There are 2 protein chains.
Amino acid sequence: MSFDALIAKTRQALADDAARAHVVLSAQGTLVGVTEVDIRTGAHSFKADEPRSLGGGGVAANPMQYALASLGSCQAITYRIWAAHLGVTLHSVTVRVEGDLDLRSCYGVDDGARPGFTAIRVEVTVAGPESEERYADLAAAVDAHCPALDLFQNPVPVSRALHLADPAANPAS
Amino acid sequence: MSFDALIAKTRQALADDAARAHVVLSAQGTLVGVTEVDIRTGAHSFKADEPRSLGGGGVAANPMQYALASLGSCQAITYRIWAAHLGVTLHSVTVRVEGDLDLRSCYGVDDGARPGFTAIRVEVTVAGPESEERYADLAAAVDAHCPALDLFQNPVPVSRALHLADPAANPAS
């Protein structure tokens, strides 16, 4: 089945049964080094780490680089989905994302500073035979429906629970 | 230098010169398959992809799994930094993050649905010799200073630019 046909079939299945549209994703991170974290999500495993300049080993991207990677890849895939949906021919798409970060909050130097990104810049480059107007319409549709862009632009309710592991079950590690 | 000493030195350097605290991170994603995306950020390269059930190849985590991985790993590292800062002994920390997603918006079935996560649940498990109250204080400090948690809980201003690549410079690919 072509991707376009699969998109159409997926849309029909979600329209027929809204319960199928609700998915729960998860990820688990465990600190295994100074700042090195082993991550598992679905069938995939990878690491996060801070750079050496911040006391880490620099073995992998840091958490906020993963956040930017999430936005860049989500934009790229949403271009693919909406190009198929709207019948826009798209030869290539590259998304570059930049984020400004002030380290003072995270390190407890200035509680007035914002802990997370203070601004994000997204640069999308598309190639293909359609008019500029058609790609502008595609970009508008993508921005209205991109899951990661929504995460960046709007607040999400977060609940947090803290558990103290049973010391007997968790010998000093 | 120990991590605790490096954290103290980093704090002093950021307090002495706020300009050093401003960092710009970036990531770039290029669609290279049906939904497969090559990502580069800093010195690191990895992939994102959708699962086979959504028309992808399932070769890597999908963008929203990376967003959850960002939150889980950022929490874990912020526990490390603030345990050092507050003098709390921490033997281990594991952070599990779950997110609810409604696929109807992304696939254009229901514009009333939210594109991104509708709720996030964070479960933190710590081990160590301190009292429950001391770990609760640590958790509160982490949640007030964790960059990724701030991204999830608060809106970030995003600007987006769209470029149409010169077809002569980008032969049909």
Side-chain angles (χ1 to χ4, degrees), chain A residues 3 6 11 14-15 21 23 25-31 34-35 37 39 41 44 48 55 61 63 65-70 72-74 76-77 93-96 98-99 101 103-104 107 109 115-117 120 122-125 127 139 145 147 150-152 156 158 160-163 165 170 173, chain B residues 3 6 11 14-15 21 23 25-31 34-35 37 39 41 44 48 55 61 63 65-70 72-74 76-77 92-96 98-99 101 103-104 107 109 115-117 120 122-125 127 139 145 147 150-152 156 158 160-163 165 170:
Chain A
F3 184 73
L6 196 134
R11 295 185 72 239
L14 298 177
V23 296
L25 299 178
S26 67
Q28 182 164 309
T30 299
L31 197 66
V34 177
T35 61
V37 179
I39 299 169
T41 178
H44 308 287
Q65 289 176 313
Y66 279 119
L68 297 181
S70 170
S73 58
C74 201
I77 294 171
V93 58
T94 292
V95 182
R96 179 180 163 80
E98 272 187 7
L101 204 57
L103 298 177
R104 287 178 295 172
Y107 285 87
V109 176
F117 291 121
I120 295 285
V122 178
E123 299 262 338
V124 181
T125 304
H145 299 95
D150 178 28
L151 166 65
F152 275 69
V156 183
V158 178
R160 191 264 295 156
L162 177 67
H163 309 285
N170 287 272
S173 55
Chain B
F3 184 72
L6 196 134
R11 295 185 71 240
L14 298 176
V23 296
L25 299 178
S26 67
Q28 181 165 308
T30 300
L31 197 66
V34 177
T35 62
V37 179
I39 299 168
T41 177
H44 307 286
Q65 289 175 313
Y66 279 119
L68 297 181
S70 170
S73 57
C74 201
I77 293 170
S92 70
V93 56
T94 292
V95 182
R96 179 178 163 80
E98 272 187 8
L101 204 57
L103 298 177
R104 286 176 297 173
Y107 284 87
V109 175
F117 291 120
I120 296 284
V122 179
E123 299 262 340
V124 181
T125 304
H145 300 95
D150 178 28
L151 166 65
F152 275 69
V156 184
V158 179
R160 192 263 295 155
L162 177 67
H163 309 283
N170 288 271

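Worth saying up front: this structure is predicted, and the values here are computed from it rather than measured.
Taking NE2 from A/H145 and CZ from B/R104, the interatomic distance works out to 12.5 Å, rounded to the nearest 0.5 Å. The line from CG of A/L162 to OG1 of B/T125 is 8.0 Å long, rounded to the nearest 0.5 Å.
Contact annotation for A/I39: only side-chain heavy atoms (C-beta onward) come within less than 4.5 Å of a heavy atom of chain B. Of the atoms belonging to B/V37, it is side-chain heavy atoms, and not backbone ones, that fall under 4.5 Å from chain A. Only the side chain of A/L6 has a heavy atom closer than 4.5 Å to any heavy atom of chain B. Using a 4.5 Å cut-off between heavy atoms, A/V124 contacts chain B through both its backbone and its side chain. Only the side chain of B/H44 comes within less than 4.5 Å of a heavy atom in chain A; its backbone stays farther off.
In terms of the salt bridge (Lys or Arg N to Asp or Glu O under 4.0 Å) criterion, residue partners of B/R160 (sequence neighbours excluded) are, by chain and number, A/D143. For A/E123, there are no salt bridge (Lys or Arg N to Asp or Glu O under 4.0 Å) partners at least two apart in sequence or on another chain.
Ranking B/G99, B/A15, B/C74, B/A69 against chain A, the residue ahead of the rest is B/G99, based on heavy-atom pairs under 4.5 Å. Comparing A/A48, A/A67, A/A76, A/G29 by how many heavy-atom pairs each has under 4.5 Å with chain B, the most go to A/G29. Taking chain B as the reference chain and counting heavy-atom pairs below 4.5 Å, the highest number among A/L31, A/T41, A/V23, A/L68 is found for A/V23.
The two residues B/V156 and A/F117 come nearest to each other via the heavy atoms CG1-O, 3.7 Å. The two atoms that bring A/S26 and B/E98 nearest to each other are CB-CG, 3.9 Å, heavy atoms only. In terms of heavy-atom proximity, B/F3 sits nearest to A/G55 at CD1-O, 3.9 Å. Residues B/T30 and A/T94 come closest through the heavy atom pair OG1-OG1, 3.1 Å. Closest approach of A/P63 and B/S70 over heavy atoms only: O-OG, 2.8 Å. Nearest heavy-atom pair, A/D150 versus B/G116, reported as atom, atom and distance to 0.1 Å: OD2-N, 2.7 Å.
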- Would you check, one step at a time, whether the test side-chain contact (heavy atoms from CB on, under 4.5 Å) holds for B/L25 with A/L101? CA-CA 8 Å; B/L25 299 178; A/L101 204 57; 4.0 Å; yes
